[in-house]
Every structure is written in C-alpha cells, then in structure tokens.
Amino acid sequence: MQIRHNMNEQLKFGVSTWLWQSPFTTESIALFPKIRAMGFDVVEIPVEYPDLIDVKTVNEALRINGLSPSICIVFGDDKDLTSDDVSLYQNCFEHAEKCFAIASALGVDFVAGPLYAAVGKARLASEEQKKIEWDRAVTNLRILSNIAKKHALDIALEPLNRFESDLINTADDVVRLLDEINEYNMKIILDGFHMTIEEQDIRKAIQTAGDKLIHVQVSENHRGIPGTGLTPWDEFAKGLADVNYSGAVVIESFTPEIPELAAAVNIWKKHANSQDEFAKKGLEFLKSTFQYTKI
C-alpha cells in the first residue's frame with residue numbers, strides 16, 4: 001500500500017543570510033523583505049559578532065516581514081571546547097552566552113551549530129588524543145547545555161564533513177555524543193551537504209537522529225542550488241517522513257563575493273547567476289521535492 005504524504009503542510013522553508021553576506025549585522029534586515037517575497041518562512045541568522053546586532057530592531061523587522069528566525073553559531077580558532085588551552089573554553093562560554101541571549105530575545109527555542117570544537121579542526125590524531133578531546137567535548141558541552149538552559153534553549157549539534165572536523169562527522173557520531181552528554185536540551189541538526197560526503201545512506205542517517213532531529217540545512221553536494229547535484233532527495237524526504245520531522249528546511253550556502261567568507265568555506269566560484277536566483281530556484285525545488293510516496 002502506498003500513502004501520499006505532503007510535507008509542505010508541515011515543513012517551513014528558510015534561507016541563511018550567509019547566502020548573501022557576512023557577518024550579519026542590524027543592517028542585514030534589509031534582506032528580509034526580499035526573503036519573504038521569495039516565499040520563505042524562516043530566515044537563518046548566523047551570529048558571528050553579537051555586538052553588531054540590535055535585537056529590538058531585528059525583532060521588529062522580523063515582525064513586519066512575517067518571518068520566523070533560526071539561529072546558528074560556530075566556534076572559530078579562538079574558541080574550542082576540545083583544546084589543550086583551557087582559556088579557549090571560556091571564550092566559547094562567553095560567546096555562547098551572548099548568542100543565547102540574542103536567540104532568546106528573538107523568540108527562538110534552540111541554537112544550532114557544530115559547537116563541540118572549532119570549525120576546521122581536522123587532522124589525524126592518535127586514538128589517545130581523540131579520546132582526550134572527546135571527553136573534553138562531553139564535559140564542556142554539559143556546561144554549555146546548562147548555560148542554554150538559563151535561556152530556555154535547546155542546542156542542536158551539527159556533524160561536519162571530514163575536511164571541517166575530525167570529531168563528529170555522521171549521525172552515528174552525534175547520537176553517541178548526545179548519549180554521553182545526557183542532557184535533555186541537547187539535540188541534532190543535520191546538513192545535507194555534509195551528509196552527502198560522510199553518510200552511506202541519508203535516509204538511515206535521518207532515522208538514526210530520530211526525534212532528536214530538530215533542524216535541517218540543505219544545499220547540493222557541491223554547495224550549489226538544491227536539485228543541481230548528486231543529493232538523493234527522494235531518500236532525504238522519505239527519511240524526514242520516517243521521523244515525522246516538522247521543523248524547518250533551511251538553504252545554507254555562501255556567497256563567493258566576500259573574500260573572507262569564501263576562504264572560510266572554500267567556495268571559489270558562483271553556483272548561480274545571482275544569489276537571489278540561487279535562493280529562488282532552491283526554494284522552488286525544495287517545495288516540489290518534499291512531496292513523496294512512502295511505502
């Protein structure tokens with residue numbers, strides 16, 4: 001028997017402001033009208049420099065444009081919960097406190113990102129060193145969890161591909177990490193770009209995340225417009241149905257027009273004639289794709 005499911009009745013579709021610019025500042029609200037006009041429900045705000053964001057102004061712009069926010073953060077080289085340098089832990093906690101305050105003030109209930117270590121920390125470490133850093137991540141993420149609880153927030157941890165992290169690369173990895181942390185507000189975000197590099201079966205990976213999955217990011221396997229690459233979108237959609245996912249699906253890619261951002265994510269060419277075209281075509285594809293048949 002085949003049952004037709006229309007995910008569009010549940011899902012919200014969003015786009016990250018990283019598609020156009022970095023860092024997000026109060027002035028970035030100028031993007032909101034066109035994001036809404038394109039048909040997005042959610043705007044994802046990457047909080048890189050909290051002091052550049054006036055929450056009251058951003059909140060009002062969200063209200064006027066009928067957009068819901070999601071918040072993501074990452075830790076750079078000076079912030080690493082797995083480092084030998086204890087001072088880097090404190091940098092993480094202080095930065096997270098500011099980001100969590102912004103998230104709470106914007107009315108979201110979780111913050112997403114690969115918060116277990118600095119992005120780009122990827123090398124062949126010994127098994128002994130891996131164990132040391134894993135245990136540090138567990139210990140320090142429990143502290144981060146408690147900071148988030150003060151703001152009534154969940155934390156969604158994101159597996160990254162092997163070129164960006166040597167700690168958490170798959171759904172299996174992040175579930176094992178959450179099991180060891182054992183805090184109720186620690187959840188999962190999955191990103192289709194990283195999954196196409198690391199997972200053997202995208203549908204099974206989503207099943208592995210299960211009801212811990214509270215956020216999804218997408219682009220193509222080459223970081224381009226969804227639907228223009230090798231991502232198994234039918235299996236992706238079926239996996240989301242398997243776990244009754246009803247959160248947001250957010251396009252996350254980056255503009256090569258900002259040298260610092262392009263260098264950070266290794267994007268050296270355009271994937272569309274314009275970033276607006278990227279967003280429009282990506283949304284059209286996602287809305288048409290997340291209607292599927294489940295056996």
Side-chain angles (χ1 to χ4, degrees), residues 7 11-22 24 31 34-35 38-46 48 70-74 112-114 119-120 156-165 168-171 174 188-199 202-203 205-206 209 213-237 239-240 245 247-258 260-290:
M7 292 288 284
L11 293 182
K12 293 182 178 180
F13 295 94
V15 63
S16 170
T17 58
W18 263 333
L19 191 64
W20 291 276
Q21 62 180 231
S22 174
F24 183 94
L31 294 169
K34 74 175 176 182
I35 288 172
M38 289 176 184
F40 289 100
D41 312 293
V42 174
V43 57
E44 185 143 295
I45 299 173
E48 298 171 74
S70 60
I71 301 294
C72 70
I73 63 177
V74 300
V119 172
L157 295 180
E158 177 184 6
L160 298 181
N161 69 75
R162 74 195 72 174
F163 308 107
E164 299 181 46
S165 175
I168 303 296
N169 303 128
T170 66
V174 74
I188 296 172
I189 167 181
L190 292 177
D191 183 324
F193 168 71
H194 301 294
M195 294 170 76
T196 56
I197 297 173
E198 297 298 336
E199 300 289 359
I202 280 184
R203 185 175 183 179
I206 294 171
L213 180 64
I214 62 171
H215 197 53
V216 170
Q217 293 173 336
V218 295
S219 63
E220 264 304 342
N221 62 292
H222 48 60
R223 272 296 188 202
I225 301 170
T228 63
L230 301 176
T231 303
W233 290 103
D234 286 346
E235 291 300 294
F236 206 128
L240 295 183
Y245 181 74
V249 175
V250 173
I251 296 174
E252 185 197 56
S253 191
F254 310 89
T255 174
E257 297 175 3
I258 299 175
E260 296 82 3
L261 184 60
V265 295
N266 298 311
I267 289 183
W268 314 120
K269 62 182 179 181
K270 291 185 176 182
H271 287 290
N273 293 322
S274 71
Q275 298 305 94
D276 286 1
E277 179 188 66
F278 190 125
K280 290 176 183 177
K281 288 187 174 180
L283 178 60
E284 180 181 351
F285 175 80
L286 292 174
K287 285 187 172 181
S288 66
T289 297
F290 287 100

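Side chains included, hydrogens not; waters and symmetry mates left out as well; all remaining heavy atoms used.
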So do Trp20 and Ile35 actually touch side chain to side chain, heavy atoms under 4.5 Å? yes
Quick one: does Ile251's side chain get under 4.5 Å of Leu286's, heavy atoms only? yes
For Tyr245 versus Val216, what's the shortest heavy-atom pair and its separation? OH-N, 3.2 Å
Any side-chain heavy-atom pair from Val74 and Glu158 closer than 4.5 angstrom? no
Does any N or O in the side chain of Ser253 come within less than 3.5 Å of the main-chain N or O of Arg223, such that one atom is a donor and the other an acceptor? yes
Shortest non-hydrogen contact from His215 to Ala112? CD2-CB, 4.3 Å
Once rounded to the nearest 0.5 Å, what's the spacing between atom CE of Met195 and atom CD of Glu235? 11.0 Å
To the nearest 0.5 Å, atom CD of Glu199 lies from atom CD1 of Ile206 at 9.0 Å
Inter-residue atom distance His194.NE2 - Ile189.CD1, 0.5 Å rounding: 8.5 Å
Any chance you could measure Ile197, atom CD1, to Asp191, atom CG, to the nearest 0.5 Å? 9.0 Å
Shortest non-hydrogen separation from Thr231 to Ser219 and the atoms involved: OG1-O, 4.1 Å
Ignoring hydrogens and geometry, is there a side-chain-to-backbone donor-acceptor pair from Ser288 to Phe285 under 3.5 Å? yes
How close do Pro114 and Ile73 get, counting heavy atoms only, and between which atoms? CD-O, 3.8 Å
Minimum heavy-atom distance between Ser70 and Glu44, given as atom pair plus value: OG-OE1, 2.6 Å
Check for a donor-acceptor pair, side chain of Glu198 on one end and backbone N or O of Leu160 on the other, with a separation under 3.5 Å. no
Measure the CG-CD1 distance between Asp234 and Ile202 for me, rounded to the nearest 0.5 Å. 11.5 Å
Do Phe236 and Val218 touch side chain to side chain, with heavy atoms closer than 4.5 Å? yes
Does Leu230 offer a backbone N or O that forms a donor-acceptor pair with the side chain of Asn221 under 3.5 Å? yes
For the residue pair Ser16 and Pro46, establish whether any side-chain heavy-atom pair is separated by less than 4.5 Å. yes
Taking C-beta and beyond as the side chain, do Phe40 and Val250 meet within less than 4.5 Å on heavy atoms? no
For Leu190, the option from Leu240, Ile214, Leu213, Thr170 that meets side chain to side chain contact (heavy atoms under 4.5 Å, CB included): Leu213
Verdict with supporting geometry, Gln275 and Trp18, side-chain hydrogen bond (donor to acceptor under 3.5 Å, both in side chains): CA-CA 10 Å; Gln275 298 305 94; Trp18 263 333; over 6 Å; no
Could you pull out the closest heavy-atom pair between Pro159 and Ala171, with the gap in Å? CG-N, 4.4 Å
Can a donor-acceptor pair be found, under 3.5 Å and without considering hydrogens, that links the side chain of His222 to the backbone of Thr228? yes
So CD of Glu284 and CE of Met38: to nearest 0.5 Å the spacing works out to 12.5 Å
